[in-house]
J.: 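Structure incoming, see below.
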Amino acid sequence: MAVCIAVIAKENYPLYIRSVPTQNELKFHYTVHTSLDVVEEKISAVGKSLGDQRELYLGLLYPTEDYKVYGYVTNSKVKFVIVVDSSNTSLRDNEIRSMFRKLHNSFTDVMCNPFHNPGDSIQSKAFDGIVSGMMQTG
């Protein structure tokens with residue numbers, strides 16, 4: 001079960017951040033912001049290697065005592081960060097990948113909306129519903 005889901009623009013400002021325990025919202029903003037350094041590091045490492053350039057999933061960015069932080073980058077350099085409770089040991093890597101895939105598809109739908117200006121914060125009920133589903137069921 002995800003406790004925080006964030007969408008970060010190419011220029012590293014938040015397009016969307018939502019956390020479940022709202023009293024810890026500032027803590028999650030900090031966690032997401034600090035994870036951007038690890039994301040940039042992994043992107044530059046992938047760029048230098050001759051590996052698969054189409055791999056968007058970055059995997060576990062870093063674990064903390066309470067949470068595990070996972071990352072994903074789109075082709076347009078928009079970053080998705082999912083923070084998961086460390087006590088949830090049943091969540092496997094392929095489930096995290098499918099969560100990112102679902103989030104990416106929903107994000108694509110938001111970007112395809114002719115009334116959405118790219119770069120504005122995401123205010124879509126459909127996107128919110130997808131995120132809510134991920135936070136409840138994982």
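Small disclaimer: the values here were computed from a predicted structure and weren't measured. We use all heavy atoms of the structure for the numbers below, so side chains are in, but hydrogens, waters and symmetry mates are not.
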J.: If you measure from CZ on Phe115 to CG on Asn117, what distance do you get to the nearest 0.5 Å?
T.: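 So the gap between those two atoms works out to 11.0 Å.
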J.: Write down the atom of Asn88, the atom of Leu91, and the distance for their closest heavy-atom approach.
T.: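 Nearest heavy atoms, Asn88 then Leu91: OD1-N, 3.7 Å.
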J.: Got a salt bridge between Arg18 and Asp128, using NZ or NE/NH1/NH2 to carboxylate O under 4.0 Å?
T.: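 Yes, charged N to carboxylate O under 4.0 Å.
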J.: Distance alone, cut at 3.5 Å: any donor-acceptor contact between the side chains of Asn12 and Lys79?
T.: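 A pair is found: one side chain offers a donor N or O, the other an acceptor, under 3.5 Å apart.
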J.: Applying side chain to side chain donor-acceptor pair (under 3.5 Å), name anything that partners Asp37, two or more places apart in sequence or on another chain.
T.: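 Listed in chain order: nothing, the list is empty.
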J.: Atom OG of Ser19 and atom CE of Met135: how far apart are they, to the nearest 0.5 Å?
T.: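 If we round to the nearest 0.5 Å, Ser19:OG and Met135:CE are 6.0 Å apart.
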J.: Going by heavy atoms in the side chains, are Tyr72 and Leu58 under 4.5 Å from each other?
T.: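 Heavy-atom side-chain distance check fails, nothing below 4.5 Å.
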J.: Looking at Gly71 and Leu61, what are the two nearest heavy atoms and their distance?
T.: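 Reported closest heavy-atom pair: N-CG, 3.6 Å.
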J.: When you compare the side chains of Ser124 and Tyr16, does any donor N or O come within less than 3.5 Å of an acceptor on the partner?
T.: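 No, no side-chain donor-acceptor contact under 3.5 Å.
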J.: I need the minimum non-hydrogen distance between Asp85 and Tyr67, along with the two atoms involved.
T.: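 Reported closest heavy-atom pair: CA-CD2, 4.0 Å.
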J.: Taking all non-hydrogen atoms of both residues into account, name the closest pair between Ile17 and Cys4 and its distance.
T.: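 For Ile17 versus Cys4, the nearest heavy atoms are CG2-SG, 4.1 Å.
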J.: Is it true that, when you exclude Tyr62 itself, more than 12 heavy atoms of the residues, nucleotides or ligands shown sit nearer than 6.0 Å to its OH?
T.: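 Enclosed: over 12 neighbouring heavy atoms sit under 6.0 Å from OH of Tyr62.
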J.: When you compare the side chain of Val84 with that of Met1, does any pair of heavy atoms fall below 4.5 Å?
T.: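 Contact flag for Met1/Val84 side chains = no.
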J.: Calculate, to the nearest 0.5 Å, the distance between atoms NE2 and CG belonging to His116 and Leu15 respectively.
T.: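 It comes to 7.0 Å.
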J.: Just so I know, are the side chains of Tyr13 and Ile8 near enough to count as touching, which here means a heavy-atom distance under 4.5 Å?
T.: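 The answer is no, as the side chains (C-beta and beyond) never meet within the 4.5 Å cut-off.
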J.: Dump the intermediate steps for side-chain contact (heavy atoms from CB on, under 4.5 Å) on Val81 and His33, then the final yes or no.
T.: CA-CA 10 Å; Val81 176; His33 193 72; over 6 Å; no
J.: Please check if the distance between the ring centroids of Phe80 and Phe107 is under 6.0 Å.
T.: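 Yes; Phe107 has its ring centre under 6.0 Å from that of Phe80.
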J.: Once you round to the nearest 0.5 Å, how far does CZ of Arg92 lie from CD of Glu95?
T.: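 Nearest 0.5 Å value for the CZ-CD distance: 4.5 Å.
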J.: If every non-hydrogen atom of Val20 is compared with every non-hydrogen atom of Ala2, which pair is closest and at what distance?
T.: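 Closest pair (atom of Val20, atom of Ala2, distance): CG2-O, 3.9 Å.
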J.: Between atom CD of Glu40 and atom NZ of Lys77, what is the distance when rounded to the nearest 0.5 Å?
T.: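 So the gap between those two atoms works out to 9.5 Å.
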J.: For the residue pair Tyr70 and Asp93, confirm or rule out a side-chain donor-acceptor distance under 3.5 Å.
T.: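 No pair is found: no donor N or O on one side chain lies under 3.5 Å from an acceptor on the other.
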J.: Indicate yes or no: at least one non-hydrogen side-chain atom of Asp66 is less than 4.5 angstrom from one of Lys27.
T.: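 Sidechains of Lys27 and Asp66: in contact.
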J.: Which heavy-atom pair separates Ser106 from Ala126 by the least distance, and what is that distance?
T.: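 Closest approach of Ser106 to Ala126: OG-O, 4.4 Å.
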J.: Give the C-alpha distance, both sets of side-chain angles, the deciding distance and a yes or no for side-chain contact (heavy atoms from CB on, under 4.5 Å) between Thr74 and Leu56.
T.: CA-CA 6 Å; Thr74 67; Leu56 305 174; 5.6 Å; no
J.: To the nearest 0.5 Å, how far apart are CG in Leu60 and NZ in Lys68?
T.: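 If we round to the nearest 0.5 Å, Leu60:CG and Lys68:NZ are 7.0 Å apart.
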J.: Do Ile82 and Tyr30 belong together in a cluster built from hydrophobic side chains that touch within less than 4.5 Å?
T.: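 No, it is not one cluster - the side chains of Ile82 and Tyr30 are not joined through contacts under 4.5 Å.
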J.: Does any part of the side chain of Leu103, heavy atoms only, come nearer than 4.5 Å to the side chain of Phe127, both counted from C-beta?
T.: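 In short, these two side chains touch, coming nearer than 4.5 Å.
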